[in-house]
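Heads up, the thing below is written out as C-alpha cells.
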Amino acid sequence: FSVGGPVLVPKLYDGRNHTFFFFNYEGLRRLRFQQYTASTIPSRFRSGDFSGLTDSSGVPVPIYDPATYNAATGSRQPFTGNVIPGSRLDPLSVKLLNFFPKPQNENARYGDVNTVVASNQTRNDDQINMRFDHQVNQSLSVFGRYSSYDSPITDPLNYAASVSASIYLLKTHNLAIGATKSFGPAMLNDFRFGINDDRFDFVPAWHGGNITRQLGIQILNPIERQWGPPQISGTYFSTIGPDTGDVVSGGRMYQLTDVLTRIHGAHTFKAGATVRMMRPWRLAEDNGRRGTYTFSGQFTAQLNDGSEVGGTGIDVADMLLGIPQNAQAAIGSTFTEFDWTDTHAFLSDDVKLARGLTLNLGLRYEYNMQPRPRDNKLAGWCATCIQDGQPGKQILTDKHEVRSQVVDPDWNNFAPRIGVAWAPFQSGATVIRGGFGMFYDNTKGDELNFREFHPDKLQYTDVNNQ
C-alpha cells in the first residue's frame, strides 16, 4: 500500500507547490508447514514404574540401582519389581518431565515413533516508509524520512514447540533528515543526518520467565532475552528444548554527512566528510546458557566387571534418578557493548579537458576505529611473550597488557581515485570509460570476537559421568 502527494489541509495549509509526503506499508504473513515424528516418554514410565518395559522382541528390560554397585563383583542390584521408589526420584527431573508432551500412542513400543505433530514456521513482516519534502525557498529544500522493518520468524524446531521453539528477530528503525542549500548557480551544499537502530536476535521463543531459576538451576544466569528451558536428550526419547546457541545483537548508529560542490570553469570540485558513531553495538554469541542434559541408560544398566550389559537399563530411568551421561552449561556471557567512530573525508575534481573528454581525480581518507568495549574486557594472544618458560601468552586489556581495542589503529588509509570518460565521435553515442581506485574494508566482525576469550566472560563446562 502506497500513498503520496502534496500536503493539503483545507483552510489551513496548501502545500501543492512546495510540501509533499509519501507513505508506504508492506506486510507479509507466511505459514510454512512442518511435520515432526517423535518418541516421547510414555505416561506409564513417568512415575518410575518400568515393570512393563520390554525390548523389540518382547523380552523384559530390567533396570538396576546405581547406588548398589559392588566394587568386589563389579555389578549392581535390580530395582524391586523394576520400579524406582518415589523417594528416589530426582525433583528436577520430575519437573522436567512436564515439558515432554504425552504420547499420542501410549501402547507403542518404547523407542518407536509414538507421536506425530504438525507445526507451522511463522513469519510476520511489517515494513513502513514515510517521507516529507519541503521547498523552503528557491535556494533551500529539506526532507525527513522514517523507515521501520520488523520481521520475526518463529521456528518450532521439534515436536515440543511450546518449550523448544526459537525466534529469529530482525528489527530496524531508520530516521534521516537533510537540507540542500544553493549559494548561487555555482555552489551547492548537501547535509544529511541519520540514526539507524538495528536488532538481530536468535533466541528461544519463550515467555515463561526465568525458567532455569524457577526449576532450581541456580548457577545458570542467562540474560532475559536468553530465557528458556534446558535442552534434554535421550538415547530413545526425542530431544526437547530450544537450540543451545544464542545470538543477541543490535546497536544505534548516528551518521553525519556533508558535501559541498563548487563549479568553476571546466572544473567541478567536491569536498565532503562523513562521521559514523556507534553508541553502542551490543553483542552476545553464547552457547549453553540454559544447560543441556543427555541421558543414555548406562547408570541403570547391569555391569559385568564394570562394563555395561546389553538389554539392561533405559535412558528415562537414568533421567528420573537425575544422573545424566553428559551435562553442559555456561556461566557468564560474551555480552559486550562496543563504541566506535568512523571518520571519512574526500576531495574530487571533474574536469572537462576537451570536447568529449572528462577526467575525474579524487582522494579519500578513512579512519575506521576499532571497536572499544565499554567494560574494557578483551583478550588477545602474544606469540612472543613467555609464560611459565614457554612462548605464548593470553594478554588482557583490563590488565593493561594490550591496548583497549587489541588491534592497533590504522591511520594511513588514503585512497586515490582516477577516472576518464572519452566520447571519440561527435555524435556522443559511444563513450569509453576507465578508472582506478583504492578501497579499504572496514568490516569489524573478527575484532568483535576478542571478547569471547576473556576469562571473565563465558565459562563453559562439559561434564561426562562414568
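Just so it is clear, the structure is predicted and the values come from calculations on it, not from any experiment.
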Q | Basic-acidic side-chain contact under 4.0 Å: Asp126, Arg29 | A | yes
(Q) Is any side-chain heavy atom of Val116 closer than 4.5 Å to one of Tyr159? (A) no
(Q) For Asp286 and Thr334: C-alpha separation, side-chain torsions, deciding distance, then whether side-chain hydrogen bond (donor to acceptor under 3.5 Å, both in side chains) applies. (A) CA-CA 6 Å; Asp286 297 334; Thr334 63; 2.6 Å; yes
**Q.** Check ion pair Asp398-Lys377 (N to O, under 4.0 angstrom)
**A.** no
**Q.** For Arg46 against Leu97, the heavy-atom pair lying closest together
**A.** NH1-O, 3.2 Å
Q. Which pair of heavy atoms, one from Asn114 and one from Ala108, lies closest together, and at what distance?
A. CB-CB, 3.8 Å
Q. Without hydrogens or angle criteria, can the side chains of Asn368 and His344 be said to hold a donor-acceptor pair below 3.5 Å?
A. yes
Q.
Which label fits Phe45 and Tyr110: parallel for a plane angle under 30°, tilted from 30 to 60°, or perpendicular past 60°?
A. perpendicular
Q | Exercise: do Thr212 and Asn210 side chains pair donor with acceptor under 3.5 Å | A | yes
Q) What do you reckon, is CZ of Arg32 surrounded by more than 12 foreign heavy atoms closer than 6.0 Å? A) no
Q) Should Asp339 and Arg372 count as an ion pair when the cut-off is N to O under 4.0 Å? A) no
Q: Assess whether side-chain hydrogen bond (donor to acceptor under 3.5 Å, both in side chains) is satisfied between His173 and Tyr146, documenting all intermediate values.
A: CA-CA 8 Å; His173 298 276; Tyr146 171 76; 2.8 Å; yes
Q. Are the side chain of Gln231 and the backbone of Pro242 linked by a donor-acceptor contact shorter than 3.5 Å?
A. yes
Q: Assess whether side-chain hydrogen bond (donor to acceptor under 3.5 Å, both in side chains) is satisfied between Asp90 and Ser93, documenting all intermediate values.
A: CA-CA 5 Å; Asp90 180 71; Ser93 296; 3.2 Å; yes
Q | Main-chain N/O of Ala301 paired with Thr312 side-chain donor or acceptor, under 3.5 Å | A | no
Q | Any pair counted as ring pair (Phe, Tyr, Trp, His ring centres under 6.0 Å), so long as it reaches residues 193-220, sequence neighbours left out | A | Tyr168-Phe202
**Q.** Ring geometry between Phe132 and Phe21 (parallel below 30°, tilted from 30 to 60°, perpendicular above 60°)
**A.** tilted
Q: Using a cut-off of 6.0 Å, state whether more than 12 heavy atoms not belonging to Glu224 lie near its atom CD.
A: no
Q. Can you find a heavy atom in the side chain of Phe33 that is under 4.5 Å from one in the side chain of Ser119?
A. no
(Q) For the residue pair Tyr149 / Asn174, report whether a side-chain donor-acceptor contact shorter than 3.5 Å exists. (A) no
Q) Would Arg282 count as a cation-pi partner of Phe335, with NZ or CZ less than 6.0 Å from the six-membered ring centre and within 45° of the ring normal? A) no
Q) Is the backbone N or O of Thr397 less than 3.5 Å from a side-chain atom of Glu401, with the two atoms forming a donor-acceptor pair by type? A) no
Q: Answer yes or no: is there an ion pair linking Arg451 with Glu285, defined by an N-O contact shorter than 4.0 Å?
A: yes
Q) So which heavy atom on Asn158 is nearest to which on Ile240, and how close? A) ND2-CA, 3.9 Å
Sequence neighbours left out, cut at 3.5 Å: what donor-acceptor pairs do the side chains of residues 320-330 make with other protein atoms?
| residue | atom | partner | partner atom | Å |
| --- | --- | --- | --- | --- |
| Gln325 | NE2 | Gln298 | OE1 | 3.0 |
| Asn326 | OD1 | Gln328 | NE2 | 3.2 |
| Asn326 | ND2 | Asp462 | OD1 | 2.7 |
| Asn326 | ND2 | Val463 | O | 3.2 |
| Asn326 | ND2 | Asn464 | OD1 | 2.8 |
| Gln328 | OE1 | Tyr460 | OH | 2.6 |
| Gln328 | NE2 | Asp462 | OD2 | 3.3 |

Q: Evaluate side-chain hydrogen bond (donor to acceptor under 3.5 Å, both in side chains) for Thr300 paired with Arg76, printing each intermediate quantity in order.
A: CA-CA 9 Å; Thr300 51; Arg76 297 165 174 160; over 6 Å; no
Q. Between Arg290 and Asp243, is there a salt bridge with N-O shorter than 4.0 Å?
A. no
**Q.** Phe237 ring center within less than 6.0 Å of Phe100 ring center
**A.** yes
Q.
Between Leu92 and Leu215, does the side-chain contact (heavy atoms from CB on, under 4.5 Å) criterion hold? Intermediate values first, please.
A. CA-CA 7 Å; Leu92 174 59; Leu215 289 169; 3.9 Å; yes
Q) Of all heavy-atom pairs between Gly15 and Leu8, which one has the smallest distance, and what is that distance? A) N-CD2, 3.9 Å
Q.
Counting C-beta onward and ignoring hydrogens, is there a side-chain heavy-atom pair between Ile232 and Leu96 closer than 4.5 Å?
A. yes
Q. Thinking salt bridges, do Arg252 and Asp197 make one under a 4.0 Å N-O criterion?
A. yes
**Q.** Heavy-atom closest contact (Lys102 atom, Thr115 atom, distance)
**A.** O-OG1, 4.2 Å
Q: Assess the side chains of Thr19 and His134: does a donor N or O sit below 3.5 Å from an acceptor N or O?
A: yes
Q: Quick one: do Ile63 and Ile314 satisfy side-chain contact (heavy atoms from CB on, under 4.5 Å)? Show the steps, please.
A: CA-CA 7 Å; Ile63 60 171; Ile314 199 71; 4.1 Å; yes
Q) Do the side chain of Arg192 and the main chain of Val259 share a donor and acceptor less than 3.5 angstrom apart? A) no
(Q) Any side-chain to backbone donor/acceptor pair from Asn82 onto Ser51? Under 3.5 Å, distance only. (A) no
Q.
Does either side chain, that of Arg403 or that of Gln370, offer a donor lying less than 3.5 Å from an acceptor on the other one?
A. no
Q) If only atom types and distance count, is the side chain of Thr40 paired as donor or acceptor with the main-chain N or O of Pro103 below 3.5 Å? A) no
Q. Taking the side chain from Asn24 and the backbone from Asn129, do they hold a donor-acceptor pair closer than 3.5 Å?
A. no
Q) Is the Phe414-Tyr365 ring centre distance short of 6.0 angstrom? A) yes
Q | Non-hydrogen side-chain atoms of Gln405 and Pro371 separated by less than 4.5 Å | A | no
Q.
Looking at Val203, is its backbone amide N or carbonyl O close enough to the side chain of Asp201 to form a donor-acceptor pair, meaning the two atoms are under 3.5 Å apart?
A. no
Q: Determine whether the side chains of Ser75 and Asn70 contain a donor N or O and an acceptor N or O closer than 3.5 Å.
A: no
Q: Verify side-chain contact (heavy atoms from CB on, under 4.5 Å) between Leu303 and Val309, making sure each step is shown before the conclusion.
A: CA-CA 6 Å; Leu303 298 178; Val309 175; 5.8 Å; no
Q. When you check the gap from the basic side-chain N to the acidic O, do Arg88 and Asp65 get nearer than 4.0 Å?
A. yes
Q | Lys/Arg N to Asp/Glu carboxylate O, Asp388 vs Lys393, below 4.0 Å | A | no
Q) Just wondering, are more than 12 heavy atoms of other shown residues or ligands nearer than 6.0 Å to OH in Tyr236? A) no
Q | Side chains of Thr274 and Thr257, donor plus acceptor under 3.5 Å | A | yes
Q: For Asp198 and Thr172, test the side chains for any donor-to-acceptor distance below 3.5 angstrom and give the result as yes or no.
A: yes
Q: Give the intermediate values and the outcome of side-chain contact (heavy atoms from CB on, under 4.5 Å) for residues Phe453 and Trp381.
A: CA-CA 10 Å; Phe453 307 109; Trp381 181 257; over 6 Å; no
Q) What's the shortest heavy-atom distance between Ala205 and Thr154, and which atoms? A) CB-CG2, 4.2 Å
Q) Taking the side chain from Gln35 and the backbone from Val117, do they hold a donor-acceptor pair closer than 3.5 Å? A) no
